[in-house]
Amino acid sequence: MKKIMTVALACVALGAVMGCAKKAASDPVKALQERGEFVLGLDDSFPPLGFRDENNQIVGYDIDLAKEVAARLGVAFRAQPIDWSAKEQELSTGKIDCIWNGLTITEERKAALSFTKPYLENAQVVVVRADSGITALSHLAGKTLGLQSGSSAADALDEAPQVKKSLKSVVEFKENITALNDLEIGGVDGVVMDSVVANYSIQQTGKPFAVLAEGLAPEAYGVAFRKNEPLLAEKVQSVLEEMAADGTVAAISQKWFGSDISVIGK
């Protein structure tokens, strides 16, 4: 009897979980609002999009956008640092509601995730030491490049086979900041990274770096949700467009970049 009761209770629990999952998939916006919290997954060392300030608070352009979206949805906001190389797994297991931190939209990712429209344009570039004598991609022959593990920098390098083939080696780092620190001490000869992050880092730190004029690949950032939750992506897109129309996006962009570089609603 006890065994039968245990099995019955397990079936009820499983049915409840499946019912909740089905509800979230069919109406993810309502499910989010009922839960009352919007959890954003990010790499918290990715300035100026999402990073920790001198008070160890997570701040940034993406953070300000997402906080306003959460407020307009009527829910609390939480920024959840994640292992960037495992971001899709963090999303699929429900630990976060979205990946929002300079995530490049690619065909491969679009097949597995639901995306908003692009909100910021970017490019993969190579950062070098200003005194290195490296001024073109052709000068990287025989050199060592660093890049962040799990980032689109690796994809950009794959799409430039002549450049990649000419390299001595490629070193992966957990964070762009670590890669740039290694560049500064001569551990690597260059770092492939997002132009938005590279230019901001050079401006803020004043370190003797330079960005090569030749980019590896243009790209665009989007906010990613679970594949079965396109309605949530559409809702967030709608709110972002409202924010663009009333000037909120422009104000946030001005705060972080000194001008309105957003492409929302444009």
Side-chain angles (χ1 to χ4, degrees), residues 42-43 45-51 61-62 84-85 87-88 99 101-113 115 117-184 186-205 207-224 257 261-263:
L42 79 159
D43 166 11
S45 62
F46 201 67
L49 305 181
F51 64 104
Y61 176 73
D62 285 1
W84 195 248
S85 62
K87 53 191 174 295
E88 291 87 356
I99 305 169
N101 189 219
L103 181 66
T104 300
I105 301 173
T106 66
E107 291 303 316
E108 182 180 2
R109 287 172 176 168
K110 284 168 65 176
L113 304 167
F115 271 95
K117 295 177 182 178
Y119 66 91
L120 205 62
E121 291 181 342
N122 181 56
Q124 289 298 317
V125 297
V126 179
V127 181
V128 298
R129 293 184 300 279
D131 62 356
S132 66
I134 300 172
T135 58
L137 294 177
S138 59
H139 297 166
L140 294 171
K143 306 294 186 181
T144 298
L145 282 186
L147 52 82
Q148 183 183 26
S149 176
S151 72
S152 58
D155 296 330
L157 196 55
D158 287 339
E159 293 171 8
Q162 288 186 329
V163 174
K164 185 174 183 179
K165 185 178 180 181
S166 74
L167 299 173
K168 176 183 178 181
S169 60
V170 176
V171 180
E172 294 191 357
F173 295 87
K174 186 175 182 180
E175 302 166 344
N176 279 314
I177 291 177
T178 308
L180 289 175
N181 288 340
D182 203 52
L183 173 64
E184 186 175 16
V188 294
D189 300 297
V191 176
V192 183
M193 60 189 299
D194 302 64
S195 63
V196 170
V197 180
N199 291 321
Y200 182 85
S201 178
I202 293 172
Q203 178 186 7
Q204 294 296 311
T205 65
K207 290 186 177 181
F209 295 149
V211 177
L212 297 189
E214 294 177 87
L216 284 175
E219 56 187 31
Y221 293 149
V223 186
F257 301 108
I261 65 171
S262 167
V263 297

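Along the sequence shown, the residues carry numbers beginning at 1.
We find the CG-OG1 distance between L140 and T135 to be 9.5 Å, quoted to the nearest 0.5 Å. Atom OH of Y221 sits about 8.5 Å away from atom CG of N101, to the nearest 0.5 Å. Interatomic distance, CG of N122 versus CE of M193, reported as 9.5 Å (0.5 Å rounding). Atom-to-atom distance recorded for R109:CZ and I99:CD1 is 8.0 Å, nearest 0.5 angstrom. For the atom pair CD of E219 and CG of L103, the computed distance is 9.5 Å after rounding to the nearest 0.5 Å. F209 CZ to N199 CG: the interatomic distance, rounded to the nearest 0.5 Å, is 13.0 Å.
A donor-acceptor pair is defined here as one N or O able to donate and one able to accept, closer than 3.5 Å; no such pair exists between the side chain of S201 and the backbone of V197. Remark: side-chain polar atoms of E175 are not paired, donor with acceptor, to backbone N or O of S45 under 3.5 angstrom.
Scored by the salt bridge (Lys or Arg N to Asp or Glu O under 4.0 Å) test, K143 finds no partners at all (sequence neighbours excluded).
Smallest separation of non-hydrogen atoms from N176 and V192: OD1-O, 4.4 Å. Scanning both residues, P48 and F257, for their nearest heavy atoms gives CG-CE2, 3.5 Å. When all heavy atoms are compared, the tightest approach of V127 to A198 is CG2-CB, 3.6 Å. When every heavy atom of G215 is checked against every heavy atom of V125, the shortest pair comes out as CA-CG1, 4.4 Å. Here the closest heavy-atom approach between residue T144 and residue S169 is recorded as OG1-OG, 3.0 Å. Of all heavy-atom pairs between A179 and V191, the closest is O-CG2, 3.6 Å.
In this structure, Y61 and Y119 have parallel ring planes: the angle between them is below the 30° cut-off, well short of the 60° mark.
Here the side chains of F46 and D194 are in contact, with some heavy-atom distance below 4.5 Å. Here the side chains of L49 and L120 are in contact, with some heavy-atom distance below 4.5 Å. E172 has its side chain within reach of L147: a pair of non-hydrogen atoms, C-beta onward, lies under 4.5 Å apart. Side chains of L42 and K87 form no contact here, defined as non-hydrogen atoms less than 4.5 Å apart. Counting heavy atoms from C-beta on, the side chains of L137 and L216 come closer than 4.5 Å.
More than 12 heavy atoms of other residues, nucleotides or ligands shown are found within 6.0 angstrom of CD on Q204. Other residues, nucleotides and ligands place no more than 12 heavy atoms under 6.0 Å from the CD atom of E121. Crowding of K168 atom NZ: a count of heavy atoms from other residues, nucleotides or ligands under 6.0 Å not exceeding 12.
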